[in-house]
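To start, the structure itself, in structure tokens.
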2 protein chains.
Amino acid sequence: MKKEMKQVKTKPAVDPSTEEKIKNAARIIFHKKGFSATRTRDIAEEAGINLALLNYYFRSKEKLFDIIMLETLQGFLLSLLPALNIESTSLEKKIEAIAGNYIDLLTAEPDIPLFIMSELKANPNELLGKMGIKEVLMRSHFIKQFQQGIKEGKIVPMNPLHFMMNLMGLTVFPFIASPMMKGLGNLTDKEYNELMQQRKLLIPTWMKAILKAK
Amino acid sequence: MKKEMKQVKTKPAVDPSTEEKIKNAARIIFHKKGFSATRTRDIAEEAGINLALLNYYFRSKEKLFDIIMLETLQGFLLSLLPALNIESTSLEKKIEAIAGNYIDLLTAEPDIPLFIMSELKANPNELLGKMGIKEVLMRSHFIKQFQQGIKEGKIVPMNPLHFMMNLMGLTVFPFIASPMMKGLGNLTDKEYNELMQQRKLLIPTWMKAILKAK
DNA sequence: GTCTATAACGTGATAGAC
DNA sequence: GTCTATCACGTTATAGAC
């Protein structure tokens, strides 16, 4: 019996609502600094609004964070699904699509992986369970092709989790470790991004080799 | 002209000094929660001492953190060196040693990688430069063997950084992503550790395949 | 809805007795 | 060296005017 009605936004892209402005600011700051290190004042400043408005719209720092966390995790995991479930493409093509998509996504938003891993560990919640991502992933066409390949002797038998860890490790880890890697290699951001672009082609090659390695 | 003298510890193992107790507690809490999320009160409680003593010995939370950070980073990176510089072993054997060492280290202290990556990013300092690890790594026998392999046509030409990222990605990433992977795979800690143990043998096989992949 | 001012609380650090 | 008590400050959240 709620009486409030969602306000109709006439030009959401040109003139984002205050709520949107706060969420966008929160996303940026939370991703960059994590929950504990961000102050609500930072978010308010980034959004160009007053601190009180944040609590007016979202009641608390934690509630705002939960929203950002959920959206971020969904964006990260669900971006996999389209590639995973196209029945017409080979396993190799799917690997190519996943690596390419992730590298593009993370080049644009490099803070996401470390944010997710840190906050998921700090707050072992049931988010992953609620999202039902596990079931979707494990029943995907991608996994079916993988197991079919094993059955046909084209792929060396291996726990699918190893396979997922390898693909993610090769793709996502360089973004998590970029401060260290840039430091060890004396690389500028531009040079590092070029390495990442190279990996779009390299990772599928490597993954193919891994599938046959024994 | 310092007049203070280091106190002689008669039984450091049995009866650690207060300073040691605080450092050990700080290491545990900082590794688990990172700088921002840990409160000095947590450290004091973990150490079984009073909060005031922490400031008496280390002056500030930040100074204590810097010590832990330096020691942790050294422990993580320098643990590589012995394996890297043995001239009598093959590249394959070195990969085996590195993967095995890291998996053992991180099974015992799984918080270390996420701690290092997070804090290195939050505070882009010159620690890595100061440690001189870059030079040591790039001039190691390990890298020489790698480049020799390329010259002899036994290894597909590849930026050494890709090689390092791959080895670290396959080895270290599963520890960084363990909350997510355990969630996706519905695994207990014990089952996850078994997967990690399997990887001691699998990673060298995969890395060997990667070196030849084209 | 948006602001200013302030309350309520948590945290790092110190004073001072022992 | 170690403790209790307390300060000083920053931060989240709210009250209340507009």
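Letters go in sequence order (proteins before strands), and every chain restarts at 1.
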### Query
Is B:K21 paired with B:E46 through a side-chain N to carboxylate O contact shorter than 4.0 Å?
no
### Query
Taking the six-membered ring for Trp, are the ring centroids of B:Y102 and B:F175 within less than 6.0 Å of each other?
no
### Message
So that I know where these two stand, are A:F163 and A:F142 an aromatic pair - ring centroids less than 6.0 Å apart?
### Response
yes
### Message
So that I know where these two stand, are B:F115 and B:F30 an aromatic pair - ring centroids less than 6.0 Å apart?
### Response
no
Identify every side-chain donor-acceptor pair in residues 49-58 of chain A under 3.5 Å, counting partners at least two apart or on other chains, and give the distances.
residue, atom, partner, partner atom, Å
A:N50, OD1, A:A52, N, 2.8

### Message
How many whole angstroms separate atom OH of A:Y57 from atom P of C:dC3?
### Response
10 Å
#### Entry: Contact letters for nucleotides 13-18 of chain D, in which S counts primed atoms plus P, OP1 and OP2 and B counts the base, heavy atoms under 4.0 Å
BBB---
### Query
Which whole-number value in Å describes the distance from A:F35 CZ to C:dG10 P?
14 Å
### Message
Tell me whether B:K93 is salt-bridged to B:E96, with the criterion being a basic N under 4.0 Å from an acidic carboxylate O.
### Response
yes
#### Entry: Gap between atoms CD1 and C1', on B:I49 and C:dA13 respectively (whole Å)
13 Å
### Message
Heavy atoms within less than 4.0 Å of DNA chain C: which residues of residues 21-33 of chain B have one? Give them sorted by number.
### Response
none
### Task
Five pairs at each end of the helix from C:dG1-D:dC18 to C:dC18-D:dG1: take the axis at both ends and give me the angle between them to 10°.
10°
### Message
Checking B:D66 now: which residues fulfil side-chain hydrogen bond (donor to acceptor under 3.5 Å, both in side chains) with it, not counting sequence neighbours?
### Response
none
### Query
What distance do A:I143 atom CD1 and A:L91 atom CG have between them, rounded to the nearest 0.5 Å?
9.0 Å
### Separation of D:dT11 P from A:R39 CZ (nearest whole Å)
4 Å
### Query
Can you name the residues that form a salt bridge (Lys or Arg N to Asp or Glu O under 4.0 Å) with A:D111, not counting sequence neighbours?
B:K121
### Query
Would one find more than 12 heavy atoms of other residues, nucleotides or ligands at under 6.0 Å from atom NZ of A:K208?
no
### Message
Mind checking if A:S36 touches a base, just sugar-phosphate, or nothing, with heavy atoms under 4.0 Å?
### Response
nothing
#### Entry: Test applied, side chain to side chain donor-acceptor pair (under 3.5 Å); reference residue, B:T89; option that passes from B:H141, B:Q145, B:K94
B:K94
### Query
How close or far is atom P of C:dG12 from atom CD of B:E45, stated in whole angstroms?
13 Å
### Task
Could you check how far CD of B:E19 sits from P of D:dG1, rounded to whole Å?
9 Å
